[in-house]
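As structure tokens, the structure follows; a few thoughts come after it.
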Amino acid sequence: MAEQDPSAPALFDISALTPTAPSFMDLENSEYAYMFGFLQADGHLSEQTRNRGRLTVELNVRDIHILDEFQRLTPYNSSIKERTRSTNITMSHHSAIWALSALEARTVLNRLGLPYGKKSKKITPPRVPFSRRDYLRGVIDADGSVGFTGQGLPFVSLTTASTAIGAYLCHYAKKVTGAERRIKRNTRDGIHNVLYTNEAAVQLAAHLYYPGCLALERKKSATASLTEWVRPAGMKVRPPRKPWTAEEDRILLAAPTLAHAAAELSRSQSSCQVRRWRLVNGIKPNPRGY
């Protein structure tokens, strides 16, 4: 049974929305949870007058198998078509498009949290009980990456405009791997980039992409490669980041020298220097009393 996040908003009864297909988009089902995460990240829901509208997902034709799975899971008429067009990257981009028009299906998806129109900043994790790792795998399949860096180090990343989705991945991944991440929009385009590397990436990928799960084949293959990674001899393990507390900030600001602060706080002088600079220049808020 999937767990409900205690911080989530009040639940609603999805069965009341689907009289024809009461099991459609039951997010405690691993396949539907994955599918919904994928649709939130990479689907587009449009509407017109007189209750007309359409859900579409367009992918590179190499990933058409996942659209076949979405069509199999959907008890409403839908279609998959291929097309070739020019883009700013290539002269002949071959893609596949899955399209679903049924009003009942669109209503269910919308009520679960797939908005009409532009959605990148508005999407949030579901407000009903859902299979969390399957949902996050769908989000990462659509908007993330799994593989090796140019230096041959394993990584799992997510690029998202949604603060809620980015924060939820950080919260969930910390429970799985112990690695703490804090999201922040980059200054260039306002996007969150969440990155896990080395052992944390291997653990997270193996947890999300378990045997027999529904996923993009190329990312399942990448995960299989990641699990074979062994830390090179002599490669140091970076200790986990230790967050600063308000009391430590007070000690730091009151210390006569950086050396005194470092000794009292059991931190490096460079760490104390950077933190003091941020406090003095207003980059970080000063503790009360300063």
Considering residues at least two apart in sequence or located in another chain, which fulfil the salt bridge (Lys or Arg N to Asp or Glu O under 4.0 Å) criterion with [X]?
X    : value
D134 : R137
D68  : none
E247 : R250
R218 : D63

What's the spacing between [X] [atom1] and [Y] [atom2] if we round to 0.5 Å?
X    : Y    : atom1 : atom2 : value
Y209 : L216 : OH    : CG    : 6.5 Å
L112 : M25  : CG    : CE    : 7.5 Å
D141 : K219 : CG    : NZ    : 5.0 Å

* Would you please indicate if the ring centroids of F36 and F130 are separated by under 6.0 Å? =>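 No, they do not, as the ring centres are separated by 6.0 Å or more.
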
Looking just at side-chain N and O atoms, do [X] and [Y] make a donor-acceptor pair shorter than 3.5 Å?
X    : Y    : answer
S268 : S270 : yes
Q40  : Y135 : yes
R185 : T163 : yes

* Asked: Applying the side chain to side chain contact (heavy atoms under 4.5 Å, CB included) test to V156, which of T223, T197, L204 qualifies?
  ->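 Filter result, single survivor: L204.
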
Heavy-atom side-chain proximity of [X] to [Y] below 4.5 angstrom:
X    : Y   : answer
W98  : I66 : no
S23  : N29 : no
L114 : L55 : yes

Going hydrophobic residue to hydrophobic residue with side-chain gaps under 4.5 angstrom, can you get from [X] over to [Y]?
X    : Y    : answer
Y210 : I140 : no
V274 : L279 : no
F155 : V146 : no

What pairs meet the salt bridge (Lys or Arg N to Asp or Glu O under 4.0 Å) rule with one or both residues in [range], with sequence neighbours excluded?
range            : answer
residues 116-125 : none
residues 159-173 : none
residues 256-271 : E248-R267

Please identify each residue that fulfils side-chain contact (heavy atoms from CB on, under 4.5 Å) with [X], with sequence neighbours left out.
X    : value
V176 : Y172, H207
A224 : none
A263 : none
I97  : T56, E58, R83

* Could you please spell out the steps behind the side-chain contact (heavy atoms from CB on, under 4.5 Å) verdict for Y168 and L136? => CA-CA 9 Å; Y168 192 78; L136 284 173; 4.0 Å; yes

* Side chain of R106, backbone of N51: donor and acceptor closer than 3.5 Å? ->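 Yes, R106 side chain to N51 backbone: donor-acceptor pair under 3.5 Å.
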
* Could you name each residue pair satisfying side chain to side chain donor-acceptor pair (under 3.5 Å) that touches residues 272-282, not counting sequence neighbours? =>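 Output for this query lists D249-R275.
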
